Amino acid sequence: MSESSPIGDSPGSSAEEPTTSGLRQFLGLFVVPLLVVLMCVSVFLLFGWVAYDRQSVGDYLNDLRDGRSFFAHRRKQASYELSKILSANPDALREVRGAEGELRTLFETTDDLWVRRYLALVMGHIGDKEAVPLLIEAAADEDSQTRIYSLWALGSIADPRGLETVTTAVSDSDAGIRKTAAFALGRFGDPSSSSKLAALVNDPVADVRWNAALALANLGSRDGVDVLEQMLDRRLLGQVPGITPKQQEEAMIGALGAFVRLGGGVDSGIIDVLANEDPSLKVRQAAIEARRSLQSG
C-alpha cells in the first residue's frame, strides 16, 4: 500500500468489489440484449421506410384518408410521395377511380399546411382543371407558402380562369410570390402578359428577374435577353447572396434553353466557352445541345 493511501480500510471498501461485480453482470445481461433490440428496431424502421417509399398511389391515398392524429406524419409523407410520383408520371393517378375528387376534398378540408401545399402540387402535376377554383382561393391564403404552391399549380394547369389571379400576384410584395407568379405567367402562353413580365426584369431580387426573363422567352419575347445573358455569367451569379452551386447550374441551363426557344440572341462565343470549359458537366452538355440547336436552326 502506498503512503498516500489511507491507513486501514476505507469506509465501505469491503462492499465495493461485490457491487462492481454485480453491476458488470447486470450490464452484461441487460445492455447486450438492449443493443440487439435497438439494432432490430433500426433495421425494421429502415426497411419500413424503404417499403413505404415503394408504396402505390392507392396506398398513399389510404394514408391521406386516415384521420387519426397519430398518423399525421404519414399523411404529410404520403402527400409528398404522391407529388414526387405524379411529377414523373401524371397518369399514375388513373389507377384509382375517383382519386381526383378525393384529393380536391382533402385539399379543401385538411388543416395540415404541408399536406395542403403538396396536394396543390399534385393537382398541378395532373392538370386537374376542376381544382382551379380551389387553387384560386388558396392563392389568397394567409400562408405564403400555400399561395406559392397554388400559384405554381395554376401555372401548370394553365386554365384561363387562373390567369387574372397569377397576373395580380406578379405585383405582390413577397419576392417568392412574384417569382412563382412570373414562372406561372409564362406557362399560360398569353402574349398580353409580356408587359407585366417585362416590368419584372428590373426587379431587385435576382431570381424574380430570372423567372421573368425565362417566362418572356416562353412567350417569344426578347425583353429579357439582357437578364438571360447575365444568367450565363458565373461571376455575376456568384455575387447573388445565398445562391448554391445547384441554383447557379439551374439558372445557366434555363437561360441556354431560353435562347434556343428564341432562336438565338446570345454571342456564340459565350456558348462555346460554356460548352468547353464550364466546371459543370450538366451546363457543358446543355451548352453543346444549345449550340447544335442554334446552328441547325
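Keep in mind that this is a model prediction, so the values were computed, not measured.
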Working note: M231 + M252, criterion side chain to side chain contact (heavy atoms under 4.5 Å, CB included); need CA distance, chi angles, decisive distance, verdict. CA-CA 6 Å; M231 292 166 67; M252 298 176 79; 5.9 Å; no
May I ask whether [X] and [Y] are part of the same hydrophobic cluster, defined by side-chain heavy atoms of I, L, V, M, F, W, Y residues being less than 4.5 angstrom apart, directly or through others?
| X | Y | answer |
| --- | --- | --- |
| I243 | V208 | yes |
| W152 | I85 | yes |
| L294 | I288 | no |
| I136 | M123 | yes |
| L151 | V205 | yes |

Kindly write out the residues that satisfy side chain to side chain donor-acceptor pair (under 3.5 Å) with [X], not counting sequence neighbours, or none if the list is empty.
| X | value |
| --- | --- |
| E229 | none |
| E137 | none |
| N202 | none |
| R187 | none |

For [X] versus [Y], what's the shortest heavy-atom pair and its separation?
| X | Y | answer |
| --- | --- | --- |
| G242 | Q247 | O-OE1, 3.8 Å |
| L274 | A287 | CB-CB, 3.8 Å |
| A258 | L214 | CB-CD2, 3.9 Å |
| V170 | A182 | CG1-N, 4.1 Å |
| A78 | L64 | CB-CG, 4.1 Å |

What I'd like to find out is whether the side chain of [X] reaches to under 4.5 Å of the side chain of [Y], using heavy atoms alone.
| X | Y | value |
| --- | --- | --- |
| L135 | I157 | yes |
| S221 | L197 | no |
| V225 | F259 | yes |
| D128 | L103 | no |
| R178 | S171 | no |

List the steps, then state whether side chain to side chain contact (heavy atoms under 4.5 Å, CB included) holds for L113 with Q145. CA-CA 9 Å; L113 288 176; Q145 292 299 307; over 6 Å; no
Is the backbone N or O of [Y] less than 3.5 Å from a side-chain atom of [X], with the two atoms forming a donor-acceptor pair by type?
| X | Y | value |
| --- | --- | --- |
| S194 | P191 | yes |
| R222 | L262 | yes |
| T110 | L106 | no |
| S150 | T146 | yes |
| T109 | T105 | yes |

Apply salt bridge (Lys or Arg N to Asp or Glu O under 4.0 Å) to the pair R292 and E289, showing each step before the final yes or no. CA-CA 5 Å; R292 184 183 303 122; E289 293 173 3; 5.3 Å; no
Would you mind checking if [Y] and [X] are paired as a salt bridge, meaning a charged N to carboxylate O distance below 4.0 Å?
| X | Y | value |
| --- | --- | --- |
| K76 | D112 | no |
| E249 | K246 | no |
| D203 | K179 | no |
| D143 | R117 | yes |
| D63 | R75 | no |
| D172 | R147 | yes |

Could you walk me through whether R234 and D278 satisfy the salt bridge (Lys or Arg N to Asp or Glu O under 4.0 Å) test, starting with their C-alpha distance in whole Å, then the side-chain angles of each, then the deciding distance to 0.1 Å, before giving a yes or no? CA-CA 9 Å; R234 278 198 176 273; D278 195 83; 2.7 Å; yes
I want to know whether W114 and H73 have ring centres closer than 6.0 Å.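 Not close enough - the centres of the two rings lie 6.0 Å or further apart.
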For atom [atom1] of [X], decide whether the heavy atoms of other residues, nucleotides or ligands shown that lie under 6.0 angstrom number more than 12.
| X | atom1 | result |
| --- | --- | --- |
| K129 | NZ | yes |
| R94 | CZ | no |
| Q239 | CD | yes |

Evaluation steps, side chain to side chain contact (heavy atoms under 4.5 Å, CB included), between N218 and F183: CA-CA 10 Å; N218 286 343; F183 166 82; over 6 Å; no
Among side-chain atoms of R284 and N276, is any donor-acceptor pair under 3.5 angstrom? no
With no hydrogens and no angle check, do the side chains of S56 and D59 hold a donor and an acceptor under 3.5 Å apart?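 Looking only at side-chain atoms, D59 and S56 do form a donor-acceptor pair, the distance falling under 3.5 Å.
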Can you list the residues that meet the ring-ring contact (aromatic ring centres under 6.0 Å, His included) rule with F107, with sequence neighbours excluded? none
Partners meeting ring-ring contact (aromatic ring centres under 6.0 Å, His included) with F188 (sequence neighbours left out): none
Yes or no on side chain to side chain contact (heavy atoms under 4.5 Å, CB included) for V201 and D223, after CA distance, side-chain angles and deciding distance? CA-CA 8 Å; V201 297; D223 288 342; 5.6 Å; no
Within this structure, what is the CG-CD1 distance for the pair D267 and I270, rounded to the nearest 0.5 Å?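 Rounded to the nearest 0.5 Å, the CG-CD1 separation comes to 5.0 Å.
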